[in-house]
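Indexing begins at 1, ligand by ligand and atom by atom, following the structure's order.
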Amino acid sequence: MNQIAPKKLFIKTYGCQMNVYDSDRMADALAPHGYAPTQDMAEADLVLLNTCHIREKASEKVFSELGRLKELQNEKRASGGDLMIGVAGCVAQAEGEEIARRAPMVDMVFGPQAYHRLPDMLAKAEGNRHMHPALRRAVVDTDFPEEDKFANLPAAKKDVTIGRGLTAFLTVQEGCDKFCSFCVVPYTRGAEVSRPVAQVVEEARRLADAGVKEITLLGQNVNAYHGEDASGRAVGLGELAYLLAEIPGLERLRYTTSHPRDMDDALIAAHRDLDFLMPYLHLPVQSGSDRILKAMNRKHTAAEYMRLIERIKDARPDMAFSGDFIVGFPGETDADFEDTLKIIRDVGYSSAYSFKYSTRPGTPGANLTEQIDEAVKVERLARLQELVNKQTTDFHASCVGRTLPVLIERVGRMPGQVGGRSPYLQAVHLEGSTDLIGAIHEVDIIGTSTNSLVGRLRQAVAA
Ligand code: 5AD
Ligand code: SF4
């Protein structure tokens, strides 16, 4: 009998959480076509690189990985096998045919809007395999489709998506209409599109039924969500949160990434009303200088951002804020940079991500001439990170002595330890049996270690 072994799929994911979600959807879409995931690239029949184009460094990684893959492909061919290679994600969307030209051993190049067409592309690419390698052409698909991509992709399931199974990502919105002048997202992910409410609720319900306790809603501009309900009315993220709060078994909700301009009253009210909406908000401001914010086309001032922070704190006093910052945007002076340090001090972040400005071809920022010296960027980034790291340490220290509900997700690094997350997304380690895994437990925070909290399980107090 000629038994066909399942083919092996290896996906390497770069960049944001939306790519993590997309990679899992691609794996799900290919499973019915005989592809089983592997963690070992060397045994793969198909390797997909799910790429990120947000900064130059992220893009460059793809071409060096393709160089390594070419060697693997050659080795396999030398021993009578083969390796198919697909480049997905935002670099594929941005560079399209250019990748096929620069890296002729690639079989497929396709952007994030084409994932539901992956089985068709693969069938075409497999057909091309019968040609001599020198004559093969990559299948390229960087079109923005008319049809609903999500309706045509398998919804998130427990086993493939989320590893440990207690937390899951759920993409509710994709694309961006904000056009910040430094950012490629509006070009690579396209215009803002929200998934219909029923589709989101159904996927969340299915995840909860499979044992997921915490969902993080994803979107490039997640709080611009405006999915249609059954009557065709647009529902915002705040209203969606109330709907998801009704799902049995779902205990925690998070969302990322938000734009300050889309933090509307309904969403702020949801933070006031819903305990299951976690008090941690990633709300990038990018810069504290009004001049730079204007040049970045952020459409808000530093003072407006601060007022927003105050309104959110009024609704949810223990809200922990996280942010993104860019240093060295063209024209940024020392005074502009000092304004950024000031807004960081004023807000008091629990964590933050910071980047040196990276020119992205095709964005308005690429036409600005007053580029900042690399050495200045390096120095500013170091100062900014020193301040933010201190804030993170202080925030962790301020939790010592509190009792926090911790979703215990896994065994700890040390024997006899388990680990999980606080409402503020901090990692928490404590002594305890693996029976604790899978539920939220009250934990006394007794100390901190690098980037995490040390806890002790709260003992039930006798009445
Ligand atoms: N250069 C540096 N950082 C960037 N980001 C986006 N585009 C650029 C760029 N061209 C950062 C922003 C954004 C985060 C995801 O990446 O801070 O919020
Ligand atoms: Fe990029 Fe700005 Fe849209 Fe965020 S809001 S994805 S930074 S254009």
For residues [X] and [Y], is any side-chain donor paired with an opposing acceptor at under 3.5 Å?
X	Y	result
Asp262	Tyr225	no
Gln426	His396	yes
Tyr353	Ser322	no
Arg360	Ser59	yes

Residue-ligand contact Arg298/ligand 2, heavy atom below 4.0 Å
yes
Is there a heavy atom in Glu56 that sits closer than 4.0 Å to ligand 1?
no
Under 3.5 Å: N/O of [X] near N/O of ligand 1:
X	value
Arg360	no
Tyr357	no
Phe325	no

State the atoms of ligand 2, each with its element, that fall below the 4.0 Å cut-off from a heavy-atom position in Phe182.
7 (S)
Which atoms from ligand 2 have a heavy atom of His259 less than 4.0 Å away?
5 (S)
Between Pro186 and ligand 2, which residue portion shows a heavy-atom distance shorter than 4.0 Å: side chain, backbone, both, or neither?
side chain
Side chain, backbone, both or neither: Phe179 near ligand 2, heavy atoms under 4.0 Å
backbone
For [atom], what is the nearest protein heavy atom, given as residue, atom name and distance?
atom	value
atom 7 (N) of ligand 1	Phe182 CD1, 3.3 Å
atom 3 (Fe) of ligand 2	Cys176 SG, 2.2 Å
atom 2 (Fe) of ligand 2	Cys180 SG, 2.3 Å
atom 1 (Fe) of ligand 2	Cys183 SG, 2.3 Å
atom 6 (C) of ligand 1	Ile54 CG1, 3.4 Å
atom 4 (Fe) of ligand 2	Gln220 O, 4.4 Å
atom 18 (O) of ligand 1	Asp324 OD2, 2.6 Å
atom 11 (C) of ligand 1	Arg55 NH1, 3.2 Å

Identify whether NZ of Lys or CZ of Arg in Arg55 sits under 6.0 Å from the centre of the six-membered ring of Phe355 and within 45° of that ring's axis.
yes
Would Arg195 count as a cation-pi partner of Phe150, with NZ or CZ less than 6.0 Å from the six-membered ring centre and within 45° of the ring normal?
yes
Among Ser358, Ala366, Cys183, Gly365, the residue with a heavy atom nearest to atom 10 (N) of ligand 1 is Ser358
Quick check: closest heavy atoms across [X] and [Y], and the distance to 0.1 Å?
X	Y	result
Arg117	Asp143	NH2-O, 3.6 Å
Val91	Thr51	N-OG1, 3.0 Å
Gly328	Ile372	O-CG1, 3.5 Å

Parallel, tilted or perpendicular: which describes the rings of Phe110 and Tyr115, with under 30° parallel and over 60° perpendicular?
perpendicular
Going by the order shown, which atoms of ligand 1 are within less than 4.0 Å of some heavy atom of Lys356?
1 (N), 2 (C)
Show which atoms of ligand 1 fall inside a sub-4.0 Å distance from at least one heavy-atom site of Gln286.
12 (C), 13 (C), 17 (O), 18 (O)
Are any of the side-chain heavy atoms of Met263 and Leu281 separated by less than 4.5 Å?
yes
How about Leu83 and Met105: do any of their side-chain heavy atoms sit closer than 4.5 Å?
no
